[in-house]
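What follows is a single structure, written as C-alpha cells, with notes after it.
Values below: all heavy atoms of this structure, side chains included; hydrogens, waters and symmetry mates excluded.
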Amino acid sequence: MATSHTASVDLAPSGIMNHRGDGHLPLADRIAWLLRSNRLLDPHQRWTRAKLFAAAFRGGSWSSPTTESRISRWETAAVRPTHQAVVRYEELLDLPSGTLTAVIDTLHRYAAPPGHGPPALTRRLPAPAEAAGRIDELLDRALSTALMTGLQWDELSVLISAQPNLIISPRSAREALADRLLHEMIVAHGLQWQQRFEAFNRIIAHPSCQQAAVAVCAGHGNDPRNQVFIETLSALDGTAHPDASRHVLAQLHRPTNDRAFLGALLACARKIRFGHFTAEQLTDLTTLIVDLVLEPAHHTEARPLAAALLRHAPNLHRPGVQAALRRAAADDRTVGEVVATGQLAAPQTARVVVARIVNAATAALPYEMTNDVFPALVRELLFHPLFDIRLYTAMLIAATPYREPLARALADELAAIRAPDRVDLNSCIISALRTFGTGEQRPLIERISVGTGLPGPLVVLATHAIGHLGGQSDDRYWATAVDHHNRLWRRHRDPLHESALRGLVYGLGIARREALLGRLRVDPAAPEPARTAAGWWLGLPRHVTASAVQ
C-alpha cells in the first residue's frame, strides 16, 4: 500500500513536482483546492458551511462520523484524503463517479517515479481470495468482446498494481490486455480517457505487464497507419524498462512522423527526471536535443519543449549546452523566454494576461473564494512549456466549477487571434478549451477551423480540438470544413490543409460520425492520408468504440 505521507512535490516548469517556495503549487495544495472549490462553489450552494458538510458526510462510501476539523485539514492540505473520502465528496456534490478521483490519481502518478504500486490515493483493497476472483472476472471481460467501463479498468488496474508478483499468462494475454486498453484510451474523451490513461500507466509499470505494454506502444508508434501518436509514445514515460528508453530514442532519431517525434520528446521529461536513460543514452539525447533547439526549420512545436528539457534537467548539462541555449534564445523569442524564465512569455506579459482572465472568470462565480491557487493554475495552463503540465492543469480545473467561467474568459481572449505575437498564447488557449471547453465555445472553434488569414498552426489546432468540445457540430459544419480544406489542399498541396483534414477526421472519429467518415474514406479528391485516417477509425472494433464512451 502507498504511504499516507504527503510528499513535498509539485508540478513546476521542469515538469516535475517541486517544493513550495519557487512560485509553484505543491501537489497537496492542488488536491486541497480541488476539494475546497467543489464544496464552496457547488452550484446549489448547499455546503458553503463546513459544519453542515461534515454532518452529512457519514453515508455512502464513508461509514463513520467526521468533523468540521477533518474537512478543514483535507481542504488545507494538512492531511491527505483517502480514496473513500474523495468518493464521498463526489457523492455529496452529485458528481459523476471518478470526477475527482481520476484527476487526483493523475497528479499523484505524474509526480511519482513509475512502478510505485497502487495509486497514492489509497483504496481499501479486498482480501486476497476476493481480489483474485475479481481479477479473473475482469480479465475475462477485458480479453473478450464484452464492454469495459472506465471504472472497471480502474478497478482491474488497481488490483493488478497491488500485486507486483502477479503474472498474467500467457504473454499473448498481457499483450491483448494492453492493446485493448491502449485502443480504448486513444479514442476516449474526458473522464473516460482519464480513467483509461491512468489504468494504462499502472499496467505499463507492472513488472509482469510492462514489457508487453511497451511493445504495444512501440508497435502503434511504428505503424504509419496509426492515427494517435503523441499519447501512445509519451506513455512510455510510465516505465523504467530499458525497452521503453530504446523505443523513445529510436523515434527521436527515426520518427514515424512529427507527431511521433513530439510524443517521444514528451516522454523524455519524466524519463530524464527519474533516471531511465543510461549515461551513453543521455549523451546521445543531449546532442539530439541541442541540435533540435538550434534548428529553427523543423519541429517548431518541439523547440520550446527541448529548451525546457535543457534548462531544467541537470543531468543533461554538458559542455556547450548553455552556449547552445543562448544562441537559440537569440533566434527565437519563445525559446528565449523558456530559457530565461521557464515559461512561454515574459513574466510581465503573463501577469497581465493571467490577471485579466482570472478577473473575468471569478466575476461570474456565485461565491467569493479568495486564494492564490487559481491564478497560479491559469498561468501554468497558458504559459508552461510542457504540454503534459498544461494538460494536467486543464484536467484539474475541468473538475471544478471554475470550468465554465474560465472557458468563457479564454474564449474572449481569442478575440485578438490575428495578432502575430499571440500564436503561442492562442495555441495554449485552444488546447485548454479542447480539455474543458463547452458547447458555448464550439462556434468559435468552428470558425477558427475554417478561417482564412489566420496563423496556420491555430487553424490546425482548432480542427484537432473540435472533437473534444462540449455540444455537437451538425453535418453542415463537418461537410463545409472538410470541403474547405479539401479544396485548398487540391489547389495548393499545402501540408497545412492535409493536417487540418486529419484533425477533422479525428474529430469525426471522436464524435462517432461514421457516415461522414465513410464518405471521406472513398472521396478520390481527398488526400490519401485523410482517406487512410477515415478508414482507420471505421476499422476500430465495435466493442472498443462502444466501451470507450462508458
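Nearest heavy atom pair, residue Leu233 against residue Ala267, reads O-CB, 3.8 Å. Nearest approach of Ala308 to Pro385, heavy atoms of both residues: CB-CG, 3.8 Å. For the residue pair Gly60 and Glu91, the shortest heavy atom distance occurs at CA-OE1, 3.5 Å. Between Arg434 and Ala465, the shortest heavy-atom contact is CB-CB, 3.8 Å. The minimum heavy-atom distance between Gly59 and Arg88, with the atom names listed, is O-NE, 3.1 Å. Closest of all the heavy-atom pairs between Ala173 and Ser169 is CB-O, 3.9 Å.
Side-chain atoms of Ser161 come within 3.5 Å of backbone N or O of Val158 as a donor-acceptor pair. Proximity of a side-chain donor or acceptor of Asp179 to a complementary backbone N or O of Val216 within less than 3.5 Å is not detected. The backbone N or O of Leu100 sits less than 3.5 Å from a side-chain atom of Glu90, completing a donor-acceptor pair. Here the side chain of Ser61 pairs a donor or acceptor atom with the backbone of Gln84 at under 3.5 angstrom. Put simply, the side chain of His206 gets close to the backbone of Gln163: a donor and an acceptor are under 3.5 Å apart. In terms of modelled atom types and a separation under 3.5 Å, the side chain of Ser144 and the main chain of Arg141 share a donor-acceptor contact. Listed for the Arg351 side chain is no donor-acceptor partner under 3.5 Å among the backbone atoms of Arg379.
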Please tabulate, one pair per line, all N/O donor-acceptor pairs under 3.5 Å involving side-chain atoms of residues 543-550, not counting sequence neighbours.
unit_1: Thr545; atom_1: OG1; unit_2: Arg542; atom_2: O; d: 3.1
unit_1: Ser547; atom_1: OG; unit_2: Met148; atom_2: N; d: 2.9
unit_1: Ser547; atom_1: OG; unit_2: Arg180; atom_2: NH2; d: 2.9
unit_1: Ser547; atom_1: OG; unit_2: His543; atom_2: O; d: 2.7

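Taking the six-membered ring for Trp and thresholds of 30 and 60 degrees, Phe197 and Tyr392 have ring planes inclined between 30 and 60 degrees apart. Using cut-offs of 30° and 60° on the angle between ring planes, the pair Phe57 and Tyr89 is perpendicular. Using bins of under 30°, 30° to 60° and over 60° for the plane-to-plane angle, the ring pair Tyr506/His464 lands in the tilted bin.
Residues Ile31 and Leu121 have side chains not in contact (no heavy-atom distance under 4.5 Å, counting atoms from C-beta outward). Counting heavy atoms from C-beta outward, Glu198 and Ser157 have side chains that stay 4.5 Å or more apart.
Separating the CG atom in Leu181 from the CD atom in Glu184 is a distance of 7.0 Å, to the nearest 0.5 Å. For the atom pair NE2 of His220 and CD1 of Ile186, the computed distance is 6.0 Å after rounding to the nearest 0.5 Å.
The salt bridge (charged side-chain N to carboxylate O under 4.0 Å, His left out) contacts involving residues 33-49 comprise Arg39-Glu75, Asp42-Arg46, Arg46-Asp94, where partners must be two or more places apart or lie in separate chains. Applying the salt bridge (charged side-chain N to carboxylate O under 4.0 Å, His left out) rule to pairs touching residues 50-74 yields nothing, sequence neighbours excluded.
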* To do: Please report the C-alpha distance between Asn201 and Tyr110 in whole Å, then the side-chain angles of each, then the deciding distance to 0.1 Å, and finally whether the side-chain contact (heavy atoms from CB on, under 4.5 Å) criterion is met.
  => CA-CA 10 Å; Asn201 273 280; Tyr110 190 79; over 6 Å; no

* To do: Output, in order, the C-alpha distance, side-chain angles, deciding distance and verdict of side-chain contact (heavy atoms from CB on, under 4.5 Å) for Thr122 and His83.
  => CA-CA 5 Å; Thr122 52; His83 180 258; 5.5 Å; no

* Stepwise side-chain contact (heavy atoms from CB on, under 4.5 Å) check, Leu377 with Trp33 -> CA-CA 11 Å; Leu377 293 175; Trp33 176 82; 3.5 Å; yes

* To do: Given side-chain contact (heavy atoms from CB on, under 4.5 Å), test Val378 with Leu410 step by step and report yes or no.
  => CA-CA 10 Å; Val378 172; Leu410 292 176; 5.6 Å; no

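Among the candidates Gln195, Arg196, Arg202, the single residue satisfying the side chain to side chain donor-acceptor pair (under 3.5 Å) test with Asp154 is Arg202.
Summarising the local packing, CG of Leu52 is surrounded by more than 12 heavy atoms from other residues, nucleotides or ligands at distances under 6.0 Å.
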